[in-house]
A.B. asks: 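Below is the structure I would like to discuss, written out as structure tokens.
For reference, positions follow the sequence shown, starting with 1.
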Amino acid sequence: MDIDFIYLLCLGLCLCYGDDDENEELPRPSISAWPSSVVKCKSNVTLRCGTHFQNVTVTLGRLHNSQYQQQKRSLGREAEFHLTNLQLEDAGGYFCTYRTVVSHKWSGQSQLLRLVVTDGVGEGGGNCPRPSDSKLIFLTTFSCLCISLLFVSIFFIYRCTRQGSSHEEPPKRQEEDEEEEEEEEEEEEDIIVTLNDHVCKHEHEVSCGE
């Protein structure tokens with residue numbers, strides 16, 4: 001009876017000890033940047049996440065961006081994440097978390113590493129365009145394109161209008177010519193009538209003189 005009691009007691013202590021191990025929080029990892037946390041645009045940087053255990057799963061996250069996530073197995077007690085061709089929008093806060101093979105929970109987040117990306121103006125850097133500048137360039141280009149299309153449309157409309165008016169001109173000219181001919185004919189008739197009047201008057205005078 002005493003042996004069974006001792007066996008059950010030992011089993012309970014072992015189970016309690018195992019639960020404590022699973023519920024125990026993992027130490028927070030560390031994070032660093034190489035060669036520096038301040039880098040030029042279009043350059044590269046390596047973020048190193050250090051852990052207290054070997055061969056663990058490490059995740060690199062980004063502050064205020066839940067969709068950004070890189071994950072890999074550590075080599076020893078450190079995992080490296082290579083960020084290449086950095087742009088200005090890549091700047092911000094980065095952190096690491098990890099979990100072991102035994103643990104089903106992730107560790108707490110490391111301290112926040114603030115990555116700064118400079119545009120390199122005056123330093124021989126990549127001279128990256130700022131997001132606002134890119135939007136301004138796009139809007140300027142789009143506006144110029146719209147204005148060019150507007151001028152082309154106005155030009156074609158003007159050409160079509162000129163062609164239409166040129167097609168309408170011949171009938172008008174023909175009418176004017178007909179009117180001029182009618183006027184000339186009327187003038188000729190007036191001249192003939194006048195001449196006839198003079199002839200008749202002359203004949204009448206001659207007949208009266210005889």
A.B. asks: Do S110 side-chain atoms and F95 backbone N/O form a donor-acceptor pair below 3.5 Å?
C.D. replies: no
A.B. asks: If the test is side-chain hydrogen bond (donor to acceptor under 3.5 Å, both in side chains), which one of K72, R73, R99 qualifies with T57?
C.D. replies: R73
A.B. asks: Using a 3.5 Å distance criterion without hydrogens, assess whether the side chain of S148 forms a donor-acceptor pair with backbone atoms of C144.
C.D. replies: yes
A.B. asks: Count the heavy atoms of every other residue, nucleotide or ligand shown that sit under 6.0 Å from CG of L149, and state whether that count exceeds 12.
C.D. replies: yes
A.B. asks: Does atom CH2 of W106 have more than 12 heavy-atom neighbours from other groups under 6.0 Å away?
C.D. replies: yes
A.B. asks: Spell out, as yes or no, whether a donor-acceptor pair under 3.5 Å connects the side chain of D90 to the backbone of Q87.
C.D. replies: yes
A.B. asks: Can you tell me how far apart CZ (R48) and OG (S74) are? Round to the nearest 0.5 Å.
C.D. replies: 14.5 Å
A.B. asks: Do V45 and V117 have side chains that get closer than 4.5 Å, going by heavy atoms?
C.D. replies: no
A.B. asks: side-chain contact (heavy atoms from CB on, under 4.5 Å), that's the test. Do L63 and N65 meet it? Break it down for me.
C.D. replies: CA-CA 5 Å; L63 187 65; N65 189 352; over 6 Å; no
A.B. asks: What distance do R77 atom CZ and S30 atom OG have between them, rounded to the nearest 0.5 Å?
C.D. replies: 11.5 Å
A.B. asks: Under 3.5 Å, is there a donor-acceptor pair linking the side chains of Q71 and T59?
C.D. replies: yes
A.B. asks: How many angstroms lie between OG in S43 and CG in N85, if you round to the nearest 0.5 Å?
C.D. replies: 8.5 Å
A.B. asks: Pairs in or reaching into residues 49-86: which pass ring pair (Phe, Tyr, Trp, His ring centres under 6.0 Å), with residues at least two apart or in two chains?
C.D. replies: Y68-Y94
A.B. asks: Does one side chain, of S107 or R28, offer a donor that lies under 3.5 Å from an acceptor on the other?
C.D. replies: no
A.B. asks: Can you tell me how far apart OG1 (T118) and CG (L86) are? Round to the nearest 0.5 Å.
C.D. replies: 10.0 Å
A.B. asks: Search all heavy atoms of P35 against all heavy atoms of N44 and return the closest pair with its distance.
C.D. replies: CD-O, 4.3 Å
A.B. asks: With side-chain contact (heavy atoms from CB on, under 4.5 Å) as the test, would you mind laying out the steps for T51 and V58 before giving the verdict?
C.D. replies: CA-CA 9 Å; T51 65; V58 183; 4.1 Å; yes
A.B. asks: Report, as yes or no, whether the 6.0 Å neighbourhood of atom CD on Q111 holds more than 12 heavy atoms from other residues, nucleotides or ligands.
C.D. replies: no
A.B. asks: Applying side-chain contact (heavy atoms from CB on, under 4.5 Å) to L47 and L113, what does each step give before you reach the verdict?
C.D. replies: CA-CA 9 Å; L47 301 184; L113 183 140; 4.1 Å; yes
A.B. asks: Any side-chain to backbone donor/acceptor pair from S103 onto T100? Under 3.5 Å, distance only.
C.D. replies: no
A.B. asks: Let me see the working for L60 and I31 under side-chain contact (heavy atoms from CB on, under 4.5 Å), right down to the final yes or no.
C.D. replies: CA-CA 9 Å; L60 177 68; I31 185 171; 4.1 Å; yes
